[in-house]
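I have placed the structure first, in the form of structure tokens, so that the comments after it can refer back to it.
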Amino acid sequence: MITEFSLKDSSKQTVYRTAIYLRLSREDGDKYESDSISNQRKLIQDYINGKSEFCVMDEYVDDGYSGSNFERPSWKQLYEDLECGAVNCVIVKDLSRFGRNYIEVGRYLQMIFPVLGVRLIAINDNFDTLNEWQNGDALTVPMKNLINDIYCKDISTKVSTQLAAMRRRGECISSFVPYGYKKDPNNHLKLIVDDETAPTVKQIFIWKLEGYGNHTIAKKLNEQGVLSPYEYRMGKGDKMNCSFKQNNKALWAAGSVYNILHNECYTGTIVQGKWKKLDYRSKDKVLLPKEEWTRVEGTHEAIVDIELFNLVQEIMKKEMRMTDGECAEILSGFLFCGECGRQMVLQPSYYKGKKYRYYTCLDCRDEGRKTKRVRDIKAHTAILEAIRKMAEIAVRMEVLVNEADSLPEQSREVARLDRQLVQLQEEMDRYARFKSGLYEDYATGILSREEYMDYSQMYKTKIYNTKKTMRTVAEERRRMIANYEEAKWIQTFKKYKKLTSLERPILCELVDKVLVYEGGRIEVVFKDTNSIEATLEVYGYEEPREEATVNEQPKVTVRKAV
């Protein structure tokens, strides 16, 4: 804060407590050498030299701040000094250095400065609020402010367009680099793996896969002495905002773990353009819908493979209520009431001094309906049996697929469909040639207008029907040569044929949900059920849909389609 200043002058000349204000932006195009901070300073000092009416109190510099708004640190400090009277005169190179917002600049010049008794001088614009009316600036100054505002808007549009193009090319334009990566020293628009922190990222995903909660993961990292992203970046010399810091050392927190687990960047995909400025004059931003984000795959080396990342996303969609403060219950978030659809809650029950655990539907209990509940051990065993049953089906299906692909009948059928597709394409090309030649016949008078319209419509209909037939044949061919890529579920389930214990990652990979009905009947709904049903239909697999039992209770039905 500037101390109060007073000056006695025998000539009674008014002496202004003067502030020099300098601004340079890296966003609105202020990159010319003439606008550099040093040149602005020299111009103003040359103007002041020899003028006894100005007593320079201080210099205020906003280097790297746009003139589209007045949210600039040095300007805020200067405004405080203007309000308390420590400064009553501001000198700038030109009005664009003061600001480019037409409305805000006009508000300062016409409303705020007159009330505060502040004099503003813009040297290159030959503008001085002390004698603006005598110089006829009442009209020219608003026009200059408007031009400056239009210039700022134009530059903002150009910069936004350029940045959007860079995002579409997959170039990392953010100054913030996700933990686990660093900027390539040879190309600052490209990310490379940081060997110091990438192992920590991998470990976080593994712990989440094992069922640990975000708080527990953060605690484990702190106990191991792993530097938090904030402390790591500080150690590398990055400038960080420490206003939120509560302790001498920033520790890992659940929020940091959550952000890492949800960041698709770790799969080698860069996602940018999530936020958009409300207005070029404002710094306020709004979050855009996901479909409008710019997403480019394969821009950098992945730290986590896509299968692990997707599996962790599935895990986090389920309820992760911790019962022991460490890991989630294996079935947590999977069991639902088959009647009302509500997610079932794990509750303890005591009988003759022993503790039992049941998954219960609270809605049925609260509304007086017969309570749907199942003991956790029985549900666990039933789901395990259902997975093994599907694994056996997958093994048998693999044999059928291999046999079918090697049958000469199928090869001949596929060849027949291939020939039919070629014939249909030739037929459609022929109709298209006929249709394109109609206009020439009409123009030369061979065809009347009515004939031209009739023939044109006829060929248009033939082309449409041929395309429709080609789509049908192509779909039949696709189904005929259904392969492993279309039946990934076979490979997925096959590896669990000898599964002896149920783990949460396996559940997240295979099971969509488990429905519990009255009497303890359990229905397991697997993921990718449409592919399973389609493959079974293509290869004619049939199996009696009898109900399997686990110790007679509960009954288990494996649902293969939603």
Take Arg295 and Glu297, measure what salt bridge (charged side-chain N to carboxylate O under 4.0 Å, His left out) needs, and give me the verdict at the end.
-> CA-CA 7 Å; Arg295 184 177 176 276; Glu297 299 179 358; 3.0 Å; yes

Could you walk me through whether Arg41 and Glu59 pass the salt bridge (charged side-chain N to carboxylate O under 4.0 Å, His left out) check?
-> CA-CA 9 Å; Arg41 182 183 294 112; Glu59 179 182 279; 2.8 Å; yes

Run the numbers on Val56 and Ile20 for side chain to side chain contact (heavy atoms under 4.5 Å, CB included), then give the verdict.
-> CA-CA 7 Å; Val56 177; Ile20 296 175; 4.1 Å; yes

CA sep, side-chain torsions, deciding dist, call: Ile91, Ile123, side chain to side chain contact (heavy atoms under 4.5 Å, CB included) = CA-CA 8 Å; Ile91 300 180; Ile123 300 172; 3.9 Å; yes

How far apart are the C-alpha atoms of Glu53 and Lys51, what are their side-chain angles, what is the distance that settles it, and do they pass the salt bridge (charged side-chain N to carboxylate O under 4.0 Å, His left out) test?
-> CA-CA 6 Å; Glu53 60 183 307; Lys51 294 182 175 63; over 6 Å; no

Determine, stepwise, if the pair Thr267 / Asp305 fulfils side chain to side chain contact (heavy atoms under 4.5 Å, CB included).
-> CA-CA 6 Å; Thr267 66; Asp305 62 74; over 6 Å; no

Any chance you could lay out the side chain to side chain contact (heavy atoms under 4.5 Å, CB included) test for Tyr108 and Thr129, step after step, and finish with the verdict?
-> CA-CA 11 Å; Tyr108 275 102; Thr129 54; over 6 Å; no

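For an aromatic pair to be called close, the ring centres must be under 6.0 Å apart, and Trp75 with Phe98 satisfies this.
Residues Cys89 and Leu120 fail the side-chain proximity criterion, which asks for heavy atoms closer than 4.5 Å. Residues Tyr16 and Leu130 form a side-chain contact, since some pair of their non-hydrogen atoms from C-beta on lies under 4.5 Å apart. For the pair Cys508 and Arg504, the minimum side-chain heavy-atom distance is below 4.5 Å.
With no hydrogens or angles considered, no side-chain donor-acceptor pair links Tyr21 and Asp58 at under 3.5 Å. When only modelled atom types and interatomic distance are considered, Ser256 and Asn259 share no side-chain donor-acceptor pair under 3.5 Å. Using modelled atom types, one finds no donor on one side chain facing an acceptor on the other under 3.5 Å when comparing Arg72 with Tyr79. Side-chain atoms of Lys208 and Asn214 include a donor-acceptor pair closer than 3.5 Å.
Considering all non-hydrogen atoms of both residues, Lys460 and Lys435 come closest at CB-CE, 4.1 Å. Closest of all the heavy-atom pairs between Ala19 and Leu78 is CB-CD1, 3.6 Å. Across every non-hydrogen atom of Lys182 and Val193, the tightest pair is CE-O, 4.0 Å.
The cationic atom of Arg119 (NZ for Lys, CZ for Arg) does not lie both less than 6.0 Å from the six-membered ring centre of Phe113 and within 45° of the ring axis. For the pair Lys220 and Tyr212, the distance from NZ or CZ to the six-membered ring centre is under 6.0 Å and the angle to the ring normal is within 45 degrees.
Counting heavy-atom neighbours within 6.0 Å of Glu292 CD, excluding the residue itself, gives a total above 12. Counting non-hydrogen atoms of neighbouring residues, nucleotides and ligands closer than 6.0 angstrom, the NZ atom of Lys202 reaches no more than 12 such neighbours. Other residues, nucleotides and ligands place more than 12 heavy atoms under 6.0 Å from the OH atom of Tyr47.
For the pair Gln313 (side chain) and Phe309 (backbone), a donor-acceptor distance under 3.5 Å is present. Within the 3.5 Å criterion, the main-chain N or O of Glu71 finds a donor-acceptor partner in the side chain of Asn69. The closest donor-acceptor contact from the side chain of Asp62 to the backbone of Tyr65 lies at 3.5 Å or more, if one exists at all. A donor-acceptor contact shorter than 3.5 Å links the side chain of Thr461 to the backbone of Gln457. A donor-acceptor pair is defined here as one N or O able to donate and one able to accept, closer than 3.5 Å; such a pair exists between the side chain of Ser228 and the backbone of Ala250. The main-chain N or O of Val286 is never found under 3.5 Å from a side-chain atom of Lys276 such that the two would form a donor-acceptor pair. With hydrogens and angles disregarded, no donor-acceptor distance shorter than 3.5 Å links the side chain of Lys219 to the backbone of Ala253. At least one donor-acceptor pair under 3.5 Å links the side chain of Asn88 to the backbone N or O of Arg17. No donor-acceptor pair closer than 3.5 Å links the side chain of Asp81 to the backbone N or O of Cys84. Using a distance-only test at 3.5 Å, with no hydrogens or angles considered, a donor-acceptor pair links the side chain of Trp252 to the main chain of Leu227.
Once rounded to the nearest 0.5 Å, the distance linking CG of Asp63 with OG of Ser25 reads 9.5 Å. Between the CZ atom of Arg23 and the OG atom of Ser66 there is a distance of 6.0 Å, given to the nearest 0.5 Å.
Partner of Phe127 under the side chain to side chain contact (heavy atoms under 4.5 Å, CB included) criterion, out of Leu109, Asp94, Ile121: Leu109 alone.
Salt bridge status for Asp363 with Arg342: present, with a side-chain N to carboxylate O gap under 4.0 Å.
Classified by interplanar angle (parallel below 30°, tilted 30° to 60°, perpendicular above 60°), the ring pair Tyr232/Tyr179 is perpendicular.
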